[in-house]
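Note sheet for the following structure.
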Amino acid sequence: MSSELEKIYDPKQVEVDVYNKWNQADAFGADPADPRKNFCMVIPPPNVTAALHLGHALNNTLQDVLIRYKRMGQYATLWMPGTDHAGIATQTVVEKRILAEEGKRRIDFERGDFVARIQEWKDEYEATILQQLQKMGCSCDWKRTRFTMDEVCAKAVRATFFKLFSDGLIYRGKRLVNWDPATQTVLADDEVEHEDVAGHFWYMQYPLVDAAELDGKHITHVTVATTRPETMLGDTAVAMNPRDPRAAVLVGRKVRLPIVGREIPIIADDHVVLPDPESEDEKAKFSTGFLKVTPAHDPDDYQIGQRHDLPMINVMAPDGSISDRHGWDDCNTPEAENLVGMDRFEARAAIVEFFRSENLLEDIREYNHSVGHSYRSHVPIEPYLSDQWYVAVKKPLPNIPDEGLIEGTDVPIQSLAGIALTPLLDGRLKFTPERYASNYKNWLENLRDWPISRQLWWGHQIPIWSKPGKRPAENVDGIIYREMETDEGVITYACVAPSHDKLEKQIEADGFVRDPDVLDTWFSSALWPFSTLGWPDVTPELKKFYPGDVLSTAREIITLWVSRMVMMGQYCVGDIPFSEVFIHAMIQDGQGRKMSKSLGNGVDPLEVIDSHGADAMRFTLVSMTTQTQDVRMPLAKMTLPDGREVNSSPKFDMGRNLCNKLWNASRFAMMNMLRCPSWSQIRPTENLADVWILSRLNGTIRDATLALESYRFNDLSEKLYHFLWDDFCDWYLEIAKARIADGQRTPKAIIAHCLDTILRLLHPIMPFITEAIWEKLNEIAPVRGPGDMHAEELLITAQWPMADGETIDPPAEGAFDMLADLIRQIRNIRVQHNIAPSRKINAIAEAIEGLSATEILVKNVETVKALANLGELKISYQEIPTPDGAAAITVGGVKVYLLDVVDKQAELDRLKKQQETLTKGIKGVESKLANEKFVANAPEDVVSRERDRLEEMQRDLAAIEKTIAALS
RNA sequence: GGGCGUUUAGCUCAGUUGGCUAGAGCGCUUCCCUUACAAGGAAGAAGUCACAGGUUCGAGUCCUGUAACGCCCACCA
């Protein structure tokens with residue numbers, strides 16, 4: 001590489017070179033033997049379903065900013081990378097693709113072959129994802145890359161499952177799943193599409209077994225309203241609200257279920273909506289006050305069934321037809337037998353017809369409601385009862401003294417839910433922004449047992465084997481047996497510990513069959529913070545880097561993922577996996593819609609990197625990270641140099657422009673590094689611009705560090721942007737140009753030092769460009785700061801700067817602001833009076849002895865001359881008559897006349913406008929100060945600031961009015 | 001239904017314990033290819049801080065209510 005920077009910043013080559021350089025230096029590598037304080041983050045493992053989108057780019061940029069900041073803060077850092085197998089989601093995308101491309105369904109494959117096909121997909125996308133992360137500049141320790149289904153993670157899954165099983169926290173229970181009768185598969189909730197359907201409410205009468213007297217009326221039946229008459233075959237109760245006036249008489253009685261003849265109780269349950277024909281509430285409007293309860297075919301009814309210990313009668317076969325072979329054992333009447341084998345919709349019609357013919361159909365009303373449909377077959381899904389494995393989350397942990405309940409909840413302190421909740425309550429776990437803590441808390445407080453089995457092929461197969469009959473008599477190390485009473489009699493379940501392949505073979509030879517189901521994908525992600533470190537083995541990594549520090553993620557998985565990581569970290573390792581959770585905003589498109597493939601409004605990070613560069617993308621993303629929950633990214637089509645038309649956003653221009661600015665400022669700086677003095681040779685300097693820029697520099701270090709520590713990312717980017725662009729480039733470098741031309745060497749050293757610090761401060765956000773410039777700067781000015789030390793070779797591991805409070809100088813900043821104000825006003829006059837930019841004009845200042853403005857001006861005549869393009873700037877301590885053709889400026893009580901600018905009218909207009917503004921301002925402040933209560937109640941510094949302001953405005957106004965008088 | 005967020009310049013957004021003469025980037029207007037940068041420089045214009053009340057010496061900021069938009073969760077006999 002040459003030692004001069006190219007004229008235009010080209011991210012492409014720089015990004016590749018710099019990334020290679022970091023890799024060669026193993027700059028991302030984490031060393032468990034590193035004695036320094038540790039800082040660890042785990043990446044939220046992206047799903048291997050698809051390539052990364054802009055939301056990933058955002059989250060991973062933020063994590064990279066944090067890890068780079070900590071790395072420069074000289075922590076022993078680890079950022080653990082990896083991907084998630086994402087059970088249902090991945091299996092579904094692969095199934096879809098195979099169906100579309102080959103017309104084959106999953107059941108056309110052997111399990112192993114199908115899993116191999118998913119594995120291929122996973123390999124492809126995992127590679128893509130990791131490459132994307134690297135292109136973005138992520139500084140993960142890649143050699144530690146994990147996958148939630150790799151051997152290391154699988155061992156942790158097995159160990160956790162075994163521990164839970166041993167502790168009696170895993171049990172077999174019934175659960176209603178979303179069943180697709182057409183494809184005969186289970187669907188996840190998000191695979192169910194809700195469609196509005198024009199349906200009916202059928203009002204059906206159920207005769208009372210014994211007639212009742214109610215308000216003097218003879219009652220022979222109750223009327224239930226239902227949208228699904230066919231499920232009545234499985235009814236096991238009729239429920240009514242206990243507050244219903246009729247409840248006192250009717251609850252406890254029985255009705256005889258038509259068709260089936262089953263006697264079922266009338267029970268009281270709060271869930272039932274009281275009837276109210278006038279109500280806005282649809283349910284109340286249609287309700288009769290009596291609800292048929294079918295626990296096996298409706299989620300709500302299932303809950304009611306649980307509460308009242310009702311039998312669950314499944315009346316359907318997996319294909320959705322009426323069946324007496326799946327749990328319905330009182331199908332004895334001819335009417336009922338007649339229905340067996342009918343499709344559920346045929347049965348609906350037949351049942352309605354039966355009620356009609358028996359005069360039991362009281363009414364039919366039209367009703368539009370939403371019905372869940374399978375996203376695959378588009379038929380209505382059937383809530384279907386099945387056996388599943390559960391984790392008991394509120395059961396007290398065994399072998400631990402009972403500590404009671406968490407206050408105000410039914411959560412035992414020593415339960416899985418409890419140990420996830422306590423760290424939040426005692427302050428060990430913190431959310432930023434804080435409001436998200438309540439999400440976490442509410443969810444855990446109302447947590448229900450966690451169903452962990454999934455009827456899928458892609459995932460961790462459940463390590464349980466079963467066999468009908470009683471358990472073997474003798475205990476075997478590595479196996480836990482448990483007998484359970486089921487519909488089919490006693491079954492023995494055996495859970496096998498990890499790394500006992502022999503045992504597995506043995507029990508299989510003995511007739512035990514492994515459960516075909518796999519674990520919920522969140523089961524393995526819950527272990528991510530420690531499975532990746534080798535747990536259950538006590539590895540050096542686990543000892544050094546667990547517990548970790550920060551988790552950065554999106555709000556939608558606070559419950560599913562974050563809470564479970566805390567729960568499992570506490571349960572398995574005995575500590576929380578991180579102490580801070582940062583929740584970032586969701587990126588939406590310009591219309592506030594979620595970015596998605598189907599809407600075609602997604603932005604591909606790699607395309608942004610192609611068009612703007614990775615640093616530019618990162619800077620823009622960081623600057624958009626405010627504490628709000630959504631952030632909009634207006635989209636624009638863009639054509640890349642290679643002709644691709646891609647989605648992009650003008651927002652990225654900001655980042656790109658800043659890169660360019662930094663690049664060029666660095667070029668300029670380095671062009672002027674010849675004979676650059678060392679730091680000790682130039683300090684202290686008394687030049688106002690020097691003092692000012694060093695004050696601003698240190699203020700910026702302080703602000704940037706604070707912003708990082710408090711996750712105020714937009715603040716961080718804004719402060720750095722402002723310092724680099726406005727303070728350093730627009731002001732300091734412009735002033736330095738003239739001074740350097742004048743032979744001064746001090747600005748060179750200050751430029752070198754500022755650039756050094758700017759690179760350090762910007763590095764976490766824009767790692768590539770800063771590292772590239774750093775290399776050049778090291779060649780040209782290796783010594784450039786306090787202590788006259790050689791700068792570190794690599795920026796990525798260089799020291800994060802410390803703010804020097806002594807250098808922060810508010811009076812100097814005030815003085816400089818005044819000077820800048822004067823310069824701006826002169827430039828303004830030049831524009832308003834149409835003075836050619838090249839024309840130098842002369843000026844004379846009417847200074848007043850003792851005024852601070854006078855002193856500032858006198859000391860900085862050369863600066864003003866250079867930046868305002870003045871020929872001469874004379875200082876007069878005597879009052880001077882307003883010169884003919886002059887324009888006047890007043891700043892801090894000092895009047896400056898710009899000579900021979902002629903245009904009298906323009907000058908009068910300008911002055912009158914200023915007069916107006918000042919008069920208004922003075923009036924405002926005067927009335928404020930005239931208010932006794934203000935003077936009495938406001939803090940002293942606020943009052944005195946107002947007084948100073950008034951005085952200054954009055955002085956300036958007087959001067960302006962004098963000039964106006966002289967001109968007119 | 002429960003929880004939460006947003007509403008500030010034409011657009012996208014800042015504005016941390018009330019002190020604001022309300023800021024930034026883009027866009028807009030005028031001038032400038034000045035030897036770091038036209039992806040640039042200089043100077044500007046642009047806002048009843050959604051609405052209505054209240055607290056306060058003082059409200060974009062705190063409280064109450066209203067409206068619109070949006071997100072998450074649950075549910076829909």
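In the text below, chain A, chain B and the rest are named by the order of the sequence lines, each starting its count at 1. Bear in mind that the values here come from a model prediction, so they are computed numbers and not experimental data.
Residue A:Asn937 is classed as a base contact, given a heavy-atom separation below 4.0 Å to a base. Residue-level contact check: A:Asp730 touches the backbone only, with heavy atoms under 4.0 Å from sugar-phosphate atoms and none from bases. In this structure, A:Val935 reaches neither bases nor backbone, as no heavy-atom distance under 4.0 Å exists between it and the strands shown. Using a 4.0 Å heavy-atom criterion, one finds that A:Arg712 contacts the bases of the nucleic acid, with or without backbone contacts as well. Within the nucleic acid shown, A:Arg945 comes within 4.0 Å of sugar-phosphate atoms alone, with no base atom in reach, counting heavy atoms only. Note on A:Cys729: a base of the nucleic acid sits closer than 4.0 angstrom, heavy atoms only. Note on A:Arg656: a base of the nucleic acid sits closer than 4.0 angstrom, heavy atoms only.
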Show me the protein contacts with nucleotides 22-33 of chain B, counting only N or O atoms at under 3.5 Å.
none

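Distance check on atom P: B:U61 versus B:A50 gives 8 Å, rounded to whole Å. Separating the P atom of B:C63 from that of B:G18 is a span of 11 Å, rounded to the nearest Å. B:C31 and B:A45 are spaced 15 Å apart, taking the C1' atom of each and rounding to whole Å.
A:Arg564 places no side-chain N or O within donor-acceptor distance of the main-chain N or O of A:Trp522, the cut-off being under 3.5 Å.
Sequence order on RNA chain B of the closest nucleotides to A:Ser623 and A:Arg435 puts A:Arg435 first from the 5' end. Heavy-atom nearest nucleotides on RNA chain B were determined for A:Arg448 and for A:Gln588, and the one closer to the 5' end corresponds to A:Gln588.
Both the sub-6.0 Å distance and the 45° axial angle are satisfied by A:Lys737 relative to the ring of A:Phe668. Seen from the ring of A:Trp202, A:Arg348 does not count as a face-on cation partner, given the 6.0 Å and 45° thresholds.
Using cut-offs of 30° and 60° on the angle between ring planes, the pair A:Phe201 and A:Phe286 is parallel.
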